[in-house]
Amino acid sequence: MGATIIDGKAFAGKVREKVAGHVSRLKEEHGITPGLAVVLVGEDPASQVYVRSKGKMTVEVGMTSIEHKLDVDTAEADLLALIDQLNKDPEIHGILVQLPLPKHLNEDLVINAIDPAKDVDGFHISNVGLLGTGQKSMVPCTPLGCLMMLRDHHGSLSGMDAVVIGRSNIVGKPMAQLLLGDSCTVTIAHSRTKDLADVVRRADIVVAAVGRPEMVPGDWIKEGATVIDVGINRIERDGKTKLVGDVAFESCAARAGAITPVPGGVGPMTIACLLANTVTACCRANGLAEPEGLTA
Ligand code: NDP
């Protein structure tokens, strides 16, 4: 195995340290404490775990964490009223509505009710448009984390051939926009892509965001390419439950120049970038300089 392992866990620790430093300066110099509100509707076990760990890390970096836990049958009007209240609250700089929402709630309507300046997930249509036109926006956390790791590893990404596998609104599409913004030549692949192996073999950078365990084998990877594995898949192997990514780690690592592991790669960066987005939103709301290196 020749690839450098990109340690997302360690990198995320550094991002959180940087956020914490900026939070303490905001408190000392301006008397401002960034605040993040997380709204959870229902009792989806995975969502509960995510919300708990987001809350814990928010507090660890010195920010205020507010959690709103609503019943699974909450009416849309009540959820929208809560978002309106959070939009108007000057102590709250970031609002995150944990997805997926129960079926009776319209996700697009709910997300677009969040003040775009507080939309730390970067899913509001205004932020999507700003990112797509290369303007300052709130950038979705998972692709932002991938970009930070790529920049850290390569310095400039200019001119590199990048293939993003997956075209979801939360990962694939914003990832492609960010790589384009860094002057990569970007291909977006999806379930209808013809000869995916051939497409991936041309890439200097492969970002896999599919949700299919180990679907990218090593012989699709160009020698020396950088592989960013976004996938989180729970599988049974040898009688045990195991987390694996969308790429076959061992065989891809044998050909890649660098690769992110699962777990310990993209996952930890996602929460670190949520905290980074919250501090960025707080600085923007108060007309203060943004921390450097914490956004796209
Ligand atoms: P979605 O299900 O929304 O999107 C999956 C994408 O993969 C779709 O665009 C789909 O194509 C494409 N796809 C499916 N099958 C194939 C195939 N055989 N060949 C090529 N493309 C295919 O998933 P998400 O983007 O939300 O998430 C992707 C993965 O990333 C999941 O494992 C998820 O758990 C993980 N994830 C991890 C995060 C982290 O923090 N590390 C955060 C968010 C997600 P089509 O559009 O044609 O259907």
Side-chain angles (χ1 to χ4, degrees), residues 19 22-23 26-27 30-131 136-142 144 169-170 270-288 290-291 294-295:
V19 170
H22 213 80
V23 169
L26 282 171
K27 285 183 180 172
H30 304 281
I32 299 168
T33 303
L36 173 65
V38 177
V39 180
L40 175 64
V41 187
E43 289 176 3
D44 177 68
S47 294
Q48 284 178 328
V49 172
Y50 290 139
V51 167
R52 238 193 331 271
S53 96
K54 284 168 188 171
K56 184 170 162 270
M57 292 200 184
T58 304
V59 171
E60 273 174 17
V61 294
M63 305 199 286
T64 304
S65 164
I66 308 242
E67 284 174 26
H68 289 270
K69 292 186 177 156
L70 307 183
D71 285 344
V72 69
D73 54 3
T74 296
E76 197 164 82
D78 291 339
L79 176 56
L80 293 174
L82 171 62
I83 291 173
D84 186 49
Q85 179 198 318
L86 295 170
N87 282 342
K88 290 175 181 149
D89 186 340
E91 310 276 300
I92 295 297
H93 305 95
I95 303 170
L96 180 150
V97 177
Q98 184 67 42
L99 301 179
L101 288 171
K103 292 271 176 289
H104 68 285
L105 299 170
N106 178 336
E107 260 179 27
D108 287 338
L109 187 76
V110 169
I111 296 304
N112 290 325
I114 299 171
D115 177 348
K118 297 189 179 189
D119 167 39
V120 281
D121 251 343
F123 297 159
H124 189 289
I125 193 74
S126 298
N127 282 315
V128 175
L130 290 167
L131 178 62
K136 198 178 196 179
S137 63
M138 293 308 300
V139 179
C141 306
T142 300
L144 177 58
N169 290 336
I170 65 168
T270 297
I271 297 190
C273 287
L274 171 68
L275 306 175
N277 277 350
T278 305
V279 88
T280 298
C282 177
C283 293
R284 288 180 188 171
N286 289 285
L288 299 169
E290 291 171 31
L294 290 185
T295 192

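Numbers for residues simply follow the sequence, beginning at 1.
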May I ask you to test the Asp78-Leu70 pair for a side-chain heavy-atom distance under 4.5 Å? no
Report task. Begin with the C-alpha distance, continue with both residues' side-chain angles, and end with the deciding distance and a verdict on side-chain contact (heavy atoms from CB on, under 4.5 Å) for Val38 and Ser65. Result -> CA-CA 8 Å; Val38 177; Ser65 164; 5.8 Å; no
One should read off an interatomic distance between Thr280 OG1 and His93 NE2, to the nearest 0.5 angstrom, of 12.0 Å
Review point. Does Asn87 use its side chain to pair, donor to acceptor, with the backbone of Asp115 at less than 3.5 Å?
Key: yes
Value for CG (Leu40) from CG (Leu99), rounded to nearest 0.5 Å, stands at 10.5 Å
All heavy atoms of Met63 vs all of Pro34, minimum pair found to be CB-O, 3.3 Å
Is there a donor-acceptor pair closer than 3.5 Å between any side-chain N or O of Asn277 and the backbone N or O of Pro140?
no
Ser126 meets the side-chain hydrogen bond (donor to acceptor under 3.5 Å, both in side chains) criterion, sequence neighbours left out, with His124
Note: Val120 and Gly94 closest approach over all heavy atoms is CG1-CA, 3.7 Å
Show your working on side-chain contact (heavy atoms from CB on, under 4.5 Å) between Asn286 and His30 and close with a plain yes or no. CA-CA 10 Å; Asn286 289 285; His30 304 281; over 6 Å; no
To the nearest 0.5 Å, atom CG of Leu101 lies from atom CD of Glu107 at 4.5 Å
Between Ser47 (side chain) and Glu43 (backbone), is there a donor-acceptor pair under 3.5 Å? no
The side-chain hydrogen bond (donor to acceptor under 3.5 Å, both in side chains) partners of Arg52 (sequence neighbours excluded) come to none
The reported gap from CG in Leu96 to CD1 in Ile114 (rounded to nearest 0.5 angstrom) is 7.0 Å
Minimal heavy-atom distance between Gly62 and Thr33, with the atoms involved, is O-CG2, 3.7 Å
When you compare the side chain of Thr278 with that of Thr58, does any pair of heavy atoms fall below 4.5 Å?
no
task = State, with a plain yes or no, whether a side-chain heavy atom of Leu288 is found less than 4.5 Å away from one of Ile32.
result = yes
- Task: Indicate yes or no for a side-chain donor-acceptor contact from Asp71 to the backbone of Asp73 under 3.5 Å, with no hydrogens or angles considered.
- Result: no
CD1 (Ile92) and OG1 (Thr64) are apart, to the nearest 0.5 Å, by 7.0 Å
message: Between Glu91 (side chain only) and Gly35 (backbone N and O only), is there a donor and an acceptor less than 3.5 Å apart?
response: no
What one should report as the nearest heavy-atom pair of Ile95 and Ile83 is CD1-O, 4.4 Å
Looking only at heavy atoms, the pair that brings Thr270 and Thr142 closest together is OG1-OG1, 3.0 Å
Taken in chain and number order and not counting sequence neighbours, the residues that satisfy side-chain hydrogen bond (donor to acceptor under 3.5 Å, both in side chains) with Lys27 are none
| request: Without swapping roles, check the side chain of Asn169 against the backbone of Phe123 for a donor-acceptor pair under 3.5 Å. | output: no
Value for CD (Gln85) from NE2 (His68), rounded to nearest 0.5 Å, stands at 6.0 Å
message: With side-chain contact (heavy atoms from CB on, under 4.5 Å) as the criterion, how do Asn106 and Glu76 come out once you've worked through the C-alpha distance, each side chain's angles and the decisive distance to 0.1 Å?
response: CA-CA 8 Å; Asn106 178 336; Glu76 197 164 82; 3.4 Å; yes
Practice item. Could you go through the side-chain contact (heavy atoms from CB on, under 4.5 Å) check for Val72 and Thr74 one step at a time? Key: CA-CA 6 Å; Val72 69; Thr74 296; over 6 Å; no
*Minimum side-chain heavy-atom gap Asn127-Asp121 below 4.5 Å*: no
For Leu86 and Lys118, the nearest pair of non-hydrogen atoms, with its separation, is O-NZ, 2.9 Å
